[in-house]
Amino acid sequence: MLKFDEPEFVKQAASAVALRPKIEELVDRLVDEGFDNLLLVGAGGTYAQMWPYEHLARRTSTLDVRSAIAAELVVTGDARLGERTVAVFTSVTGTTDDVVRAIEFCRAKGARTIGFTGYADSPVAQQVDEALISEPKTWPFDFQMLLFMGRLLERRGEFDGYAKLAGELADIPRVLVEVARQAEPVAAAFAEAHRDTDYHFLIGGGNLWGFTYLYSMCILEEMQWLRTTRVHSAEFFHGSLELLEAGTSVLIFQGEDESRPLTDRAIAFARRVSQDVTVFDTRDYPLDGISPEFRGLLGPLVLDTVLSRVSKHLERVRDHSLDLRRYYRVMDY
């Protein structure tokens with residue numbers, strides 16, 4: 001597979017899943033001590049990656065759980081933020097300025113702070129009350145967040161299947177390697193067909209809306225300098241559909257949660273207008289060893305693996321490094 005370091009991929013994913021005992025001990029302590037609300041705080045991709053877990057809590061729990069943009073939280077505040085708040089942060093490098101400032105802000109309000117990162121000596125790890133460290137560069141944070149939220153919901157009597165799910169996640173590194181292997185020819189074909197495409201229209205919903213936002217902004221825009229439009233499948237028919245034309249490249253991310261019919265509707269319409277509609281559907285991947293009832297929860301992990309293959313092939317055919325930036329962490333702002 002193109003630029004796929006399998007041992008490193010497995011090591012990183014395994015290190016995240018191996019945090020299960022620490023995550024469970026932490027969640028149990030938080031529940032026993034008591035808290036009233038949970039803030040999931042990020043910036044850019046890490047903000048978008050919080051949405052599936054806010055979405056999960058909203059569907060299954062009466063606990064006040066909400067995601068927040070780090071920089072906005074600092075300047076606008078939150079009336080519910082205080083000593084009865086738990087705030088969770090993620091950062092690959094542990095150095096994201098907006099996240100570091102948000103940690104300081106939340107701690108000043110008395111909140112308990114938790115950080116997931118790959119660097120124990122980073123500002124994020126040093127400033128939170130509880131740091132949980134995976135292998136350096138581990139991405140995505142869905143492993144840790146699914147364990148964290150699953151255990152929390154189980155302790156609240158709102159998720160009976162957590163122990164089974166957590167047990168099956170132990171084998172997720174191998175499962176995702178097989179996903180990557182199956183996705184490779186699909187990714188290569190997409191990239192070859194779109195080497196000169198300079199605009200993509202992305203649609204997703206449910207717990208894949210965060211990934212849709214992330215892939216549009218953090219990958220295609222930031223890492224490939226491509227113009228995109230992104231819209232939630234439930235909102236597609238309220239304006240954004242007017243941008244579709246016969247040759248528009250439409251990428252649709254389809255999962256297996258309750259929102260699937262909304263995305264099905266968007267797919268059907270997009271295919272009536274454009275001859276260039278690509279659907280990335282988690283149903284296409286077997287996920288051997290994962291129980292059917294958990295497949296929907298793993299949608300973000302599956303598509304992150306699939307689209308990471310697309311990203312590598314776009315990098316190749318467009319001769320545009322995924323590490324190249326003009327402004328982000330290059331200029332002061």
Side-chain angles (χ1 to χ4, degrees), residues 6-33 35 38-42 46 49-57 60-61 63 65 86-92 94 112-120 122 124-125 128-179 207 210 287-302 304-305:
E6 183 174 335
E8 183 64 20
F9 179 90
V10 169
K11 182 170 71 170
Q12 290 178 6
S15 76
V17 176
L19 289 172
R20 177 186 175 183
K22 293 182 179 179
I23 290 172
E24 291 180 351
E25 185 278 329
L26 172 59
V27 170
D28 290 347
R29 181 156 34 92
L30 292 171
V31 171
D32 292 341
E33 294 172 356
F35 64 98
L38 177 65
L39 269 180
L40 308 176
V41 187
T46 57
Q49 209 167 73
M50 295 299 193
W51 295 353
Y53 308 100
E54 178 190 42
H55 183 261
L56 174 60
T60 61
S61 179
L63 181 66
V65 179
V86 171
V88 179
F89 304 84
T90 60
S91 174
V92 174
R112 285 170 283 185
T113 55
I114 298 164
F116 292 101
T117 184
Y119 297 89
S122 66
V124 166
V128 292
D129 297 311
E130 306 270 359
L132 292 98
I133 310 300
S134 58
E135 283 289 318
K137 299 182 180 180
T138 296
W139 175 271
F141 289 101
D142 293 279
F143 308 102
Q144 299 97 313
M145 291 305 303
L146 188 53
L147 288 167
F148 181 90
M149 190 61 70
R151 180 66 166 189
L152 176 58
L153 295 176
E154 180 196 43
R155 281 296 311 270
R156 291 175 53 81
E158 295 166 333
F159 183 19
D160 293 334
Y162 169 73
K164 182 180 179 183
L165 170 63
E168 293 180 3
L169 284 179
D171 200 32
I172 198 66
R174 178 194 62 79
V175 171
L176 293 180
V177 167
E178 292 306 312
V179 168
N207 69 352
L287 307 187
D288 181 45
I290 302 298
S291 298
E293 64 266 31
F294 301 138
R295 289 184 58 96
L297 291 174
L298 297 183
L301 272 170
V302 172
D304 187 275
T305 303

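FYI, side chains are in, hydrogens and waters are out, and symmetry mates aren't considered; it's all heavy atoms of this structure.
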Report yes if some heavy atom in the side chain of [X] is under 4.5 Å from a heavy atom in the side chain of [Y]; otherwise report no.
X	Y	answer
Leu287	Phe294	no
Leu30	Leu26	yes
Thr138	Val92	no
Met50	Val41	no
Lys137	Tyr119	yes
Tyr53	Leu38	no

*Using distance alone, with no hydrogens and no angle criterion, decide if Thr60 and Glu158 have a side-chain donor and acceptor under 3.5 Å apart.*
no
_Testing the 3.5 Å rule here: is there a donor-acceptor pair between the side chains of Glu168 and Ser291?_
yes
Verify, without hydrogens or angle tests, whether [X] (side chain) and [Y] (backbone) share a donor-acceptor contact under 3.5 angstrom.
X	Y	value
Thr113	Ala87	no
Arg20	Ala170	no
Asn207	Gly296	yes

*Phe159 vs Leu165, side chain to side chain contact (heavy atoms under 4.5 Å, CB included): CA-CA, chis, key distance, verdict*: CA-CA 10 Å; Phe159 183 19; Leu165 170 63; 3.9 Å; yes
